[in-house]
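We name chains A, B, ... by the order of the sequence lines, and we start the count at 1 in each one.
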2 protein chains.
Amino acid sequence: MPEGARPVILSLERMRAVRGLYPDENTMVVEAGAILADVQDAAEAQGRLFPLSLASQGSARIGGLLATNAGGVNVLRYGNARDLCLGLEAVLPDGSIWHGLKRLRKDNTGYDLRNLLIGAEGPLGVLTAATLRLFPRPSAEGTALLAVTDPAAALALLALARDRIGDGISAFELIAAQGPLFLAETMPDVRLPFENPWPWTVLIDLGLAADGDPEAALTGLFEAALEQGLVSDGLIAQSEAQRAVFWAMRESIPLANRAVGAIASHDISLPLSQIPEFLEAAPQALAEIGAFRINAFGHLGDGNLHYNVFPQQGDTRDRWRDKKAAISRLVHDMVHAREGSISAEHGIGRLKTADLERYGDPAKLAAMRAIKDALDPYGIMNPGAVLHAAP
Amino acid sequence: MPEGARPVILSLERMRAVRGLYPDENTMVVEAGAILADVQDAAEAQGRLFPLSLASQGSARIGGLLATNAGGVNVLRYGNARDLCLGLEAVLPDGSIWHGLKRLRKDNTGYDLRNLLIGAEGPLGVLTAATLRLFPRPSAEGTALLAVTDPAAALALLALARDRIGDGISAFELIAAQGPLFLAETMPDVRLPFENPWPWTVLIDLGLAADGDPEAALTGLFEAALEQGLVSDGLIAQSEAQRAVFWAMRESIPLANRAVGAIASHDISLPLSQIPEFLEAAPQALAEIGAFRINAFGHLGDGNLHYNVFPQQGDTRDRWRDKKAAISRLVHDMVHAREGSISAEHGIGRLKTADLERYGDPAKLAAMRAIKDALDPYGIMNPGAVLHAAP
């Protein structure tokens, strides 16, 4: 930031208009301050789906969701936030306005400024509006909770499901027993579909077109998986109410985690084939630091796990405060050694700038600095985020 | 380029190794010189699909396909080349190597250098290897040729198909009667499925998972479309051989165009809802310049049409040489006025740099120049491509 300049916080929360909705072309133009749930509702009112879906959708705004390239539960099928955006309008650091609200699936006219701004977390420009991709609403949806033998079986189940059902799989979430146990401990009102939690459960969501029958597809999948020894138990939702129960359990796990209080939380991704070995090795390595409870859960289909470390029952996280850095260092080192990411969907922000310096590719970091300096030579946009502020 | 420097042409055609293939995680790491057809074959040998598919796949190489963000016939379902790439290795203009061959679906650690290099056409770095996304191979495929009333009916048919069949639609190609007429004129050996070409035909390709029945889906679609008055005739392929006939007709149209000899060719995209009106208005506007034959065809599902202008039978294109610029100007002006793109999938290269200056957004162009200067201050990489070389 220029010397003597005073920081300004910019709020776009009043820029929340839907500028246009084009159901025939499955596109929609919204301003950056629009709340995700409102965008979903506007699409739904026209018989369309805006598939970005995450726990904070009642408060998260489109501009922030794009600036951080948000993920959520439907990435497996529909991609991250960047995959759902066709065009942007943005104010660049020099004050110019980029009018890039194209409604095109294909446009090869110059460098990809759209993707450069998406996920950059604000330091290259202020997003003011976006063209979003919409999709047909699935005609029939179905949900199952399947108890899998272990994480390797969960991945084999995913491959089997994709071969049998194809692109209709909207979500494929891994749930470790620790999640339901935390729910029982802290939120006894949340209904647990299995009386005793299995060590590993997968939540599968299907959204099929008019020709499809999700219940039959899930039953067939379960039977085939049983035959291959991948699953030991399963529940297929028989009603919308039961689907809601399954999903409420999944969506309440982060709240239960918060109630228990993690010593350290990690938003990691790994190459899919590395996940089973990591889930074996990491708890063993952590055990050398101390005795912990671990909740590993999340978007297995995307290779993205939330890997959170908690004190044992009766213990407090305060006692581990001075070990927090060592725990995160250990988890991130193991992820990095397996060619994973230390920030799969939450971004770098200000908390992880040192991690980015440690684990980031030096050539990429140098290119990022060169781009930042070229587009924002005075460092006026979101200083200190992602990259350390220039000294 | 620095004064006194001599141009060098870099060939990566010997860097064609498959560095790794991971069927369990649907990823593959290949070097930039690998030929697309070889990559497709390597994936197929492991029971996987690499879905990028275009006429030049026997000679096009991965590095070039990514540098130009190639499209092709499967974009509707699987996206452009950029959507099929998870990671890159590249030599940046300062000589550093970016080791970015991640095999991750989610990685929010800094600016999106991958998408910045993809589609940039070479001026920001030399791609040396890429991590590609693979997909399950569809279990059952089907193809239909449906005669639609007009382009608006073709778009309504697309919406109907997506509602009924969902994501299983791999290709949705528009064929104007001029295509088969050119084939009859120049390539009489190519079999034409309809004896007399309909004014507008759509070629639909389905790839369904094990649970699906493409023939039944296409029959159901045809009947529903007939009821809504969208189609007047249709052929559903009854065998792989018949599918091949339908596709050979489609894929031969560019060859027939070349044999006839276009006065001017355009690779345009439009917001879907603008296409019917454009296809009405453009020939009327062109008729004020002269009497032409027009072949408008291509990837309707992506809003991407190849809009090519030919002399009438008996006439020669040489006679129109001095009108070529006016014709392209007219077509591009009409596309631009409708918020379309003057280069949907072919890029800018050196031929369209002036068009980019004319139609490009000034703020975006300035940002592109700043990025180019920051990453390649000596202008040594692909000088003169996309942006005019600095004077």
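Looking only at distances, a side-chain donor or acceptor of B/Asn74 sits under 3.5 Å from a matching main-chain atom of B/Pro51.
No side-chain heavy atom of B/Asn108 sits less than 4.5 Å from a side-chain heavy atom of A/Ile348. Between A/Arg19 and A/Leu101 there is a side-chain heavy-atom pair separated by less than 4.5 Å. Two residues are said to be in side-chain contact when any heavy atoms from C-beta on lie closer than 4.5 Å; B/Asp83 and B/Tyr78 fail this criterion. Within the 4.5 Å cutoff, side-chain heavy atoms of A/Arg105 are placed close to those of A/Arg133. The shortest distance between side-chain heavy atoms of B/Arg103 and A/Ser273 falls below 4.5 Å. Taking 4.5 Å as the limit, some side-chain heavy atom of B/Leu65 sits within range of a side-chain heavy atom of B/Leu54. Looking at B/His299 and B/Val75, their side chains never come closer than 4.5 Å, going by heavy atoms from C-beta outward.
Contact of A/Ser343 with chain B is made through backbone and side chain together, with heavy-atom distances under 4.5 Å. Within the 4.5 angstrom heavy-atom criterion, only side-chain atoms of A/Phe135, from C-beta onward, approach chain B. Heavy atoms closer than 4.5 Å to chain B are found in the backbone of A/Leu270, but not in its side chain. A/Asn26 touches chain B through its side chain: at least one heavy atom from C-beta onward sits under 4.5 Å away, while N, CA, C and O do not. Proximity to chain B (any heavy atom under 4.5 Å) is shown, for A/Asn69, by both the backbone and the side chain. Within the 4.5 angstrom heavy-atom criterion, atoms from both the backbone and the side chain of A/Ile165 approach chain B. Of the atoms belonging to B/Lys102, it is side-chain heavy atoms, and not backbone ones, that fall under 4.5 Å from chain A. Within the 4.5 angstrom heavy-atom criterion, only side-chain atoms of B/Arg82, from C-beta onward, approach chain A.
Interatomic distance, CD1 of A/Ile268 versus CD1 of A/Ile275, reported as 8.0 Å (0.5 Å rounding). In this structure, CD in A/Gln274 is found 11.5 Å from CG in B/Asp24, a value given to the nearest 0.5 Å.
Here B/Gly347 is the residue among B/Pro23, B/Gly360, B/Gly347, B/Gly100 with the most heavy-atom pairs under 4.5 Å with chain A. Counting heavy-atom pairs closer than 4.5 Å to chain B, the top residue among A/Ala159, A/Gly303, A/Gly119, A/Ala367 is A/Ala367. Annotation: maximal heavy-atom pairing with chain B below 4.5 Å, among A/Val386, A/Thr109, A/Asn80, occurs at A/Thr109. Ranking A/Thr27, A/Leu113, A/Leu208 against chain B, the residue ahead of the rest is A/Leu113, based on heavy-atom pairs under 4.5 Å. Most heavy-atom pairs under 4.5 Å with chain B: of the set A/Leu272, A/Asp167, A/Leu365, A/Asp361, this distinction falls to A/Asp361. For the set A/Ala210, A/Pro136, A/Pro271, A/Ala370, the entry with the most heavy-atom pairs within less than 4.5 Å of chain B is A/Pro271. Ranked by heavy-atom pairs under 4.5 Å with chain A, the list B/Leu76, B/Ile97, B/Ile342, B/Leu124 is led by B/Leu124. Looking only at heavy-atom pairs under 4.5 Å with chain A, the residue among B/Leu356, B/Leu375, B/Thr68, B/Asp213 that has the most is B/Leu375. No other option in A/Gly166, A/Ser269, A/Ser96, A/Ala366 has as many heavy-atom pairs under 4.5 Å with chain B as A/Ser269.
With A/Glu357 as reference, A/Arg369 is the one residue of A/Lys364, A/Arg369, A/Lys352 to meet the salt bridge (Lys or Arg N to Asp or Glu O under 4.0 Å) rule.
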